[in-house]
Every structure is written in structure tokens, then in C-alpha cells.
Amino acid sequence: MSMETFEPLPHLKDVFTPGRSMEYRVRFAPSPTGSPHVGNIRSAILNWLFARHYNGSFILRIEDTDRERYTEEGVKAILDGLKWIGLYWDEGPELGGPFGPYIQSERLEIYHRCAQYLVERGYAYYCTCTKERLEEVRKEQMAKGIPPRYDRHCRDLGIKGSPGDPDKVIRFKIPYTGNTKFNDIIRGEISFSNALLDDFVILKSDGYPTYHLANIVDDHLMKITYVMRAEEWIPSTGKHILLYNAFGWKPPKFAHLSVILGPDKSKLSKRHGASSIIEFREMGYLPDALFNYLSLIGWSPKENREIFSRDELIQMFDLSGLNPSSGVFDINKLKWMNGEYIRMMKVDELVEVSMPFLKKRSWDRFPHEYLIKVYTLMQERLKLITDIYELGYYFFEDPHVYDENGKIRYFTPETKPHLEEIAERLYSLINFEHKDIEELFKAYAREIGIKLGFIVHPVRLAVTGMTIGPGLFELMEVIGKETCVKRIKKALDEI
RNA sequence: GCCCCUAUCGUCUAGGCGGUUAGGACACCGGCCUUUCAAGCCGGCAACAGGAGUUCGAGUCUCCUUAGGGGCACCA
């Protein structure tokens with residue numbers, strides 16, 4: 001429509017980023033209301049992969065225009081979360097960039113200038129309607145069965161004002177007729193009837209912009225070329241296109257990502273259990289595994305595998321692999337993948353990432369050499385880093401409780417004399433190494449004429465408190481003679 | 001209520017231009033291995049939402065129905 005264009009910050013017109021393509025600039029623009037949700041992180045991952053694939057830029061912008069819900073911890077949680085999962089941004093908070101500031105609350109004057117421009121050109125207007133009046137209008141409309149919308153009471157009143165005046169908001173004028181359409185990369189053409197759109201607020205009475213204004217102003221000023229965001233934004237994209245047109249700006253390309261669902265197929269949220277990235281970290285998920293898993297929901301590469309390194313993901317990333325339909329978050333598959341990643345690690349790496357978790361139980365006091373031995377045995381049995389608490393506690397503490405079923409099966413009066421004898425023989429064993437321990441067990445079984453399992457199982461239960469675990473002889477070597485013998489003797493009291 | 005999006009195994013998905021025994025992965029169920037568990041290996045179960053149409057031929061194209069999801073704020 002408008003032939004003229006408006007540049008609130010003309011000096012940015014010719015800025016470019018050395019070494020990075022200006023053609024592929026994407027952003028992740030969360031609002032700091034708490035720890036980032038895996039759905040948001042998934043969007044961030046896809047944007048990041050896109051930027052890396054095309055040697056573009058991944059920009060982080062904090063959308064903190066809702067001062068009611070704003071929390072300082074929210075900002076920190078976002079930065080920490082992104083760093084934890086390895087999504088480093090090229091421009092944004094902490095490191096700045098040519099198009100900053102990257103925090104919207106620091107850009108208020110820009111939004112004011114933009115909003116004022118729209119008012120002056122007749123694209124927007126001041127509105128003094130009170131919340132009470134809006135409420136009344138809405139009620140009336142509902143009663144009549146018409147869609148609740150602002151009745152445009154102030155649209156042609158010519159109310160004067162300046163941005164941020166208390167009790168005044170600025171509303172955008174939606175054309176009465178016509179259609180607004182855009183081409184979505186994933187979904188094709190989507191169009192809206194203007195008659196169904198609302199004269200939405202662009203500047204609130206507290207002087208802060210709404211998402212719609214701030215978002216398009218910043219995307220334009222930061223020279224964002226592709227907007228990849230969740231599909232819940234599709235319905236407001238019509239408004240955004242209208243805004244771009246009013247300013248005379250070229251809209252970016254849009255790709256509306258499918259949403260991540262819970263097992264009940266509604267949008268994944270807290271009520272489905274863990275959903276924030278912090279929680280996954282605490283549950284013992286590896287950032288690489290979560291990254292890998294999340295990148296594969298709603299997107300798929302050409303190759304028929306599922307474990308991909310970051311570099312491979314970057315190489316293969318392609319918009320055409322984006323899936324328009326939503327996917328259910330399958331914690332089971334994530335767990336499996338996490339196990340795969342654990343098994344791919346070197347043992348000392350595994351020990352290193354486990355340290356914070358060991359520390360929580362003061363198990364970090366054990367010598368590094370010991371931990372290496374423990375994890376050598378446990379590595380292929382762990383799906384989560386925290387599984388060590390359940391599956392390997394006996395390397396660090398004496399068993400307090402014995403597996404109930406195991407107790408009934410293995411701690412029988414018949415086994416008691418054997419356990420006593422085994423304890424004695426172990427005590428006399430010079431080389432407490434798994435080969436020798438195994439030989440000792442086998443010799444005893446042969447001698448008495450029993451099956452190996454007849455003594456192996458009770459001893460395992462006595463030493464570990466469990467009926468499952470790594471090879472008994474290897475595990476006993478790690479735990480050591482004194483402790484093993486002590487535990488067997490203690491178990492005798494249970495029989 | 002109105003608007004928008006979506007639709008292949010239970011779940012994540014492959015299946016550009018219409019012609020496949022509809023492929024893979026997780027989960028599940030068997031088997032092998034084995035002192036248990038895990039890992040690994042081998043095998044199995046399991047899907048084109050429904051209905052019209054176009055066509056020699058439709059998972060693939062069109063329309064309708066149904067179902068699910070999302071959006072209708074001075075929240076993002």
C-alpha cells in the first residue's frame with residue numbers, strides 16, 4: 001500500500017555483520033517468565049541449526065514488555081538454559097551486537113517513535129476506553145452471539161496524546177475490508193479476512209509496547225530475514241503483515257513450527273510433568289541427547305538414523321524437513337537416546353558429568369580411580385545420570401534394605417552355611433581380583449556339587465542389596481575384600 | 001460461538017514429479033548370549049481417520065465429513 005518507508009534508526013540501514021551472511025538472520029525471542037520450556041528450546045534449536053547451516057546469525061532477544069509477569073530470574077534461566085544445551089547466540093544480551101540493545105525494555109523510545117509515526121499517518125489512533133467499558137462491550141457481544149472484538153469507539157475521534165500517556169493506549173487501524181495473506185514456508189498460503197481482525201493495542205498505557213509492535217519493529221531493525229516461531233502465532237501473523245505494510249517494511253519469511261504435545265495431545269506444559277529445561281538437567285539428561293531428541297521432533301533429516309552429532313545436524317538441516325503436524329513428546333524415546341549418549345561417552349567424561357550428582361550424596365569424596373572403575377561397570381546400565389542413585393548406590397554405601405523378592409528367594413536356611421564358608425574363603429583370598437574371585441566361586445561350587453548360581457545370587461544380594469547389576473566378580477573387585485566380607489557377614493543376620 | 005492449522009504403526013517419522021511386500025526408530029513381545037540385570041545380535045506385532053471425485057492406477061492430487069490442536073487480552 002504505502003510507498004513510503006519509515007526508518008526509526010536510519011543509521012542501521014547499511015550495517016552488516018562481517019563473516020556472517022545477512023541473508024540468513026534468525027532470532028529466538030523468549031519472554032522471561034520462568035525457566036524455558038522444552039517447546040521453546042526446540043524452536044531455539046531449529047533456529048540455531050538454520051543459522052549455523054547457512055552461516056547466518058542466531059540472535060537472542062529478550063521480550064520483557066509484560067512487566068507484570070517479568071522476573072529477573074527468568075532472564076537468567078533463559079541464558080543459563082541456552083548455554084547448558086549449547087545454543088550460543090551471535091548477538092544478544094551479555095555480548096551485544098550491532099543492532100542492540102537486545103532487551104526490549106531498553107528500547108522503549110524506539111517503539112514510542114514508531115507508534116507515534118503510525119498515529120500521525122493515520123494507521124493508528126489513541127484510545128481512552130476504560131477496561132470496564134471494554135468489558136461491557138464484550139459481554140454485550142457475547143450475549144448477541146457475535147465474536148468479541150473492540151467496537152472501534154475511539155477510532156475516528158481524533159484523540160490527541162503522546163506515547164505513554166496514562167489511561168491512553170494506541171490501537172492499530174485494521175482495514176474494514178479485504179484480505180491479508182502471507183506465504184508460510186511450511187504450510188503454504190494462509191489468509192485472513194480483515195473484517196475479522198481486531199483493532200489491537202500496539203502501545204499499552206504503561207508506555208510499553210505489546211508483543212505485536214515490539215516484535216515486528218525489532219525484527220525489522222535487527223534485519224531478521226526468517227521468522228521461525230511456534231504455530232500458535234499463525235492467527236496474529238495477519239496483524240503483523242498489516243503492521244509491516246503500514247511502516248512500508250518488507251516482512252521476513254515465515255515458518256510456523258508445529259507445537260510439542262503432551263501424551264494427551266494437548267500442548268505440552270507443566271501439568272504433563274517435566275517441561276522446563278532445568279528439570280531435565282536435574283533429572284540427569286545430557287544436553288547433547290536432549291538437543292538431538294528435540295531437533296528430531298517436527299523435523300527430520302534425509303538420513304534414516306536418529307543419533308546425530310551437532311555438526312551432522314547442522315550439515316543436514318533443511319527447511320523442507322520441517323513437519324507441519326504437531327508431535328507428542330515421548331519421554332521414553334528421550335530416555336533411550338540419553339542412554340545411547342551415555343554409552344558413547346568415554347568413562348572419564350561420564351564421571352565428569354556425573355560429579356555434580358555424586359556431590360549431592362557426598363559420593364564425590366571417593367577417589368577418582370574408584371569412580372572410574374564404578375562407571376566402567378555401570379556405564380551400559382545407565383539411561384539417566386541419576387540412575388546411579390538407584391542402580392549403583394552400593395558402590396558408595398552399605399545396603400540398608402535388601403530386595404524383598406530376592407530375600408525370599410536367596411536368603412534361605414540352605415544358603416546360610418554356604419555364605420558363611422564363602423565369606424571365610426574370600427577373606428583368605430590373596431589377590432582380590434575378579435578372575436580369582438570367580439575361580440574361588442567355581443571351585444567351591446564344584447566341590448560341593450551345586451550350581452554356580454546357587455551361591456552367586458545370595459552373595460550378590462548380600463553385597464549389593466539387589467538382584468540385578470553388573471557381573472558379581474567384577475563388582476566385588478571394585479568394592480574390595482573388606483567391604484564384601486563385611487556385607488556378607490552382616491547379611492547372615494537376616495537369615 | 002468465530003477464525004486458523006493439522007491428519008501414515010501406541011509414539012517420533014520416511015514415503016519430492018500418483019505405480020513400494022508402505023521403510024526406519026522408541027515402546028512392546030519372543031529368541032540368542034549369560035551368575036542376574038543391562039548392552040549387543042536375530043526375529044515378531046503394529047499404520048495410510050472416513051467418504052466421494054480425478055485417473056488404467058491415490059498414502060501421494062481435489063472436495064466434503066470427522067477428529068485433534070491452536071488463536072480470538074493494555075500476555076507473549
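The sequence lines fix the lettering, A, B, ..., with proteins before strands; numbering per chain opens at 1.
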>> Over all strands shown, is Arg343(A) touching base, sugar-phosphate only, or nothing at heavy-atom distances under 4.0 angstrom?
In response: sugar-phosphate
> If only atom types and distance count, is the side chain of Ser191(A) paired as donor or acceptor with the main-chain N or O of Lys181(A) below 3.5 Å?
Replying inline: no
>> Given 3.5 Å as the limit, does a donor-acceptor pair link the side chain of Lys481(A) with the main chain of Leu429(A), or not?
In response: yes
>> Distance alone, cut at 3.5 Å: any donor-acceptor contact between the side chains of Tyr111(A) and Asp218(A)?
In response: yes
> Partner of A7(B) by Watson-Crick or G-U wobble geometry, both contacts under 3.5 Å, or none?
Replying inline: U66(B)
> So is Arg155(A) actually on top of Tyr176(A)'s ring, under 6.0 Å and inside 45° of the axis?
Replying inline: yes
>> Measuring only the C1' atom in each nucleotide, how far is C12(B) from G50(B)? A whole number of Å is fine.
In response: 25 Å
>> Distance alone, cut at 3.5 Å: any donor-acceptor contact between the side chains of Asp318(A) and His53(A)?
In response: no
> Trp299(A) and side-chain contact (heavy atoms from CB on, under 4.5 Å): which partner among Leu313(A), Ile45(A), Asn323(A), Leu294(A)?
Replying inline: Leu313(A)
> When rounded to the nearest Å, what value does the distance between P atoms of G68(B) and A49(B) take?
Replying inline: 16 Å
> For Ser258(A) and Arg42(A), what are the C-alpha separation, side-chain angles and deciding distance, and is it a side-chain hydrogen bond (donor to acceptor under 3.5 Å, both in side chains)?
Replying inline: CA-CA 10 Å; Ser258(A) 59; Arg42(A) 194 282 230 99; 3.2 Å; yes
>> Applying the side-chain contact (heavy atoms from CB on, under 4.5 Å) criterion to Leu419(A), which one of Leu461(A), Ile495(A), Ile455(A) satisfies it?
In response: Ile495(A)
>> Without decimals, in angstroms, what is the distance between Leu197(A) CG and C4(B) P?
In response: 11 Å
>> Walk me through whether Tyr70(A) and Val75(A) qualify under side chain to side chain contact (heavy atoms under 4.5 Å, CB included).
In response: CA-CA 9 Å; Tyr70(A) 172 83; Val75(A) 178; 3.9 Å; yes
> For Lys335(A), which contact category applies under a 4.0 Å heavy-atom criterion: base, sugar-phosphate, or nothing?
Replying inline: nothing
Quick one: which protein N/O atoms are closer than 3.5 Å to N/O atoms of nucleotides 31-37 of chain B? Pair and distance per line, please.
from: U35(B); atom 1: O2'; to: His457(A); atom 2: ND1; distance (Å): 3.4
from: U35(B); atom 1: O2'; to: His457(A); atom 2: NE2; distance (Å): 3.0
from: U35(B); atom 1: O2; to: Arg460(A); atom 2: NH2; distance (Å): 3.4
from: U36(B); atom 1: O2'; to: Thr467(A); atom 2: O; distance (Å): 3.0
from: U36(B); atom 1: O2; to: Thr467(A); atom 2: O; distance (Å): 3.4
from: U36(B); atom 1: O2; to: Gly469(A); atom 2: N; distance (Å): 2.9
from: U36(B); atom 1: O2; to: Gly469(A); atom 2: O; distance (Å): 3.2
from: U36(B); atom 1: N3; to: Arg460(A); atom 2: NH2; distance (Å): 3.0
from: U36(B); atom 1: N3; to: Gly469(A); atom 2: O; distance (Å): 2.5
from: U36(B); atom 1: O4; to: Gly469(A); atom 2: O; distance (Å): 3.4
from: U36(B); atom 1: O4; to: Gly471(A); atom 2: N; distance (Å): 3.3
from: C37(B); atom 1: O2; to: Arg381(A); atom 2: NH1; distance (Å): 2.6
from: C37(B); atom 1: O2; to: Gly469(A); atom 2: O; distance (Å): 3.2
from: C37(B); atom 1: N3; to: Arg381(A); atom 2: NH1; distance (Å): 2.4
from: C37(B); atom 1: N3; to: Gly469(A); atom 2: O; distance (Å): 3.4

>> Please report the distance, rounded to the nearest Å, between CD in Glu390(A) and P in A38(B).
In response: 15 Å
> Can you tell me how far P of C3(B) sits from CD of Glu231(A), to the nearest Å?
Replying inline: 18 Å
> Does G1(B) pair with anything, Watson-Crick or G-U wobble, both distances under 3.5 Å, and if so, with which nucleotide?
Replying inline: C72(B)
>> Strictly by Watson-Crick or wobble contacts shorter than 3.5 Å, is anything paired with G43(B), and which nucleotide is it?
In response: C29(B)
>> Need the pair for G53(B). Rule: Watson-Crick or G-U wobble, both distances under 3.5 Å, any strand; none if unpaired.
In response: C61(B)
> Over how many whole Å does the gap from Glu135(A) atom CD to A73(B) atom P extend?
Replying inline: 10 Å
>> Using Watson-Crick or G-U wobble geometry with both distances under 3.5 Å, which nucleotide pairs with C17(B)?
In response: none
>> Heavy atoms only, 4.0 Å cut-off, all strands: where does Ile190(A) land among base, sugar-phosphate and nothing?
In response: sugar-phosphate
> How long is the line joining CG of Leu268(A) and C1' of G70(B), in whole Å?
Replying inline: 15 Å
>> Under 3.5 Å, is there a donor on one side chain and an acceptor on the other for Thr467(A) and Arg409(A)?
In response: no
>> Any base atoms under 4.0 Å from Glu303(A), or only sugar-phosphate, or nothing? Heavy atoms, all strands.
In response: nothing
>> With a 3.5 Å limit on both atom pairs, tell me what U34(B) is paired to, counting Watson-Crick and G-U wobble, or say none.
In response: none
> Any sub-3.5 Å donor-acceptor pair from Asp198(A)'s side-chain atoms to Phe200(A)'s backbone N or O?
Replying inline: no
With 3.5 Å as the limit, what N/O pairs link the protein to nucleotides 11-13 of chain B?
from: U11(B); atom 1: OP1; to: Lys265(A); atom 2: NZ; distance (Å): 2.9
from: C12(B); atom 1: OP1; to: Val328(A); atom 2: N; distance (Å): 2.9
from: C12(B); atom 1: O2'; to: Leu296(A); atom 2: O; distance (Å): 3.3
from: C12(B); atom 1: O2; to: Lys333(A); atom 2: NZ; distance (Å): 3.4
from: U13(B); atom 1: OP1; to: Gly298(A); atom 2: N; distance (Å): 2.6
from: U13(B); atom 1: O3'; to: Ser300(A); atom 2: OG; distance (Å): 3.3

>> It should be established whether Lys267(A) places a side-chain nitrogen or oxygen under 4.0 Å from OP1 or OP2 of nucleotide G71(B).
In response: yes
> Expressed in angstrom and rounded to an integer, what is the separation of Trp336(A) atom CH2 from G10(B) atom C1'?
Replying inline: 17 Å
> Which value, in whole Å, describes the distance between the P atoms of nucleotides G59(B) and G19(B)?
Replying inline: 9 Å
> Which whole number of Å gives the distance between the C1' atom of C9(B) and that of A46(B)?
Replying inline: 5 Å
>> Closest-nucleotide mapping onto RNA chain B: is Glu189(A) or Lys383(A) further toward the 5' terminus? I mean the 5' end.
In response: Glu189(A)
> Are Phe280(A) and Phe329(A) close enough that their ring centres sit under 6.0 Å apart?
Replying inline: yes
> Given atom CG of Leu322(A) and atom P of C5(B), what is their separation to the nearest angstrom?
Replying inline: 17 Å
>> What is the distance, to the nearest angstrom, from the NZ atom on Lys181(A) to the P atom on C5(B)?
In response: 13 Å
> So is Arg310(A) actually on top of Phe291(A)'s ring, under 6.0 Å and inside 45° of the axis?
Replying inline: yes
Return the polar atom pairs (N/O with N/O) between nucleotides 74-76 of chain B and the protein under 3.5 Å, or none.
from: C74(B); atom 1: O2; to: Ser205(A); atom 2: N; distance (Å): 2.9
from: C74(B); atom 1: O2; to: Ser205(A); atom 2: OG; distance (Å): 2.7
from: C74(B); atom 1: N3; to: Ser205(A); atom 2: OG; distance (Å): 3.0
from: C75(B); atom 1: OP2; to: Lys204(A); atom 2: NZ; distance (Å): 3.0
from: C75(B); atom 1: O2'; to: Asp66(A); atom 2: OD2; distance (Å): 2.7
from: C75(B); atom 1: O2'; to: Arg69(A); atom 2: NH2; distance (Å): 3.3
from: A76(B); atom 1: OP1; to: Thr65(A); atom 2: OG1; distance (Å): 2.9
from: A76(B); atom 1: OP1; to: Lys204(A); atom 2: NZ; distance (Å): 2.7
from: A76(B); atom 1: OP2; to: Tyr211(A); atom 2: N; distance (Å): 3.1
from: A76(B); atom 1: O3'; to: Glu63(A); atom 2: OE1; distance (Å): 3.2
from: A76(B); atom 1: O2'; to: Ser31(A); atom 2: OG; distance (Å): 3.1

> For Lys451(A), which contact category applies under a 4.0 Å heavy-atom criterion: base, sugar-phosphate, or nothing?
Replying inline: nothing
> Looking across every strand, which nucleic acid part, if any, lies under 4.0 Å from Pro263(A) by heavy atom: base, sugar-phosphate, or nothing?
Replying inline: nothing
> Using 30° and 60° as the class limits, which term best fits the ring planes of Tyr244(A) and Phe254(A): parallel, tilted or perpendicular?
Replying inline: perpendicular
> Mind checking the P distance from A14(B) to U8(B)? Whole angstroms is fine.
Replying inline: 10 Å
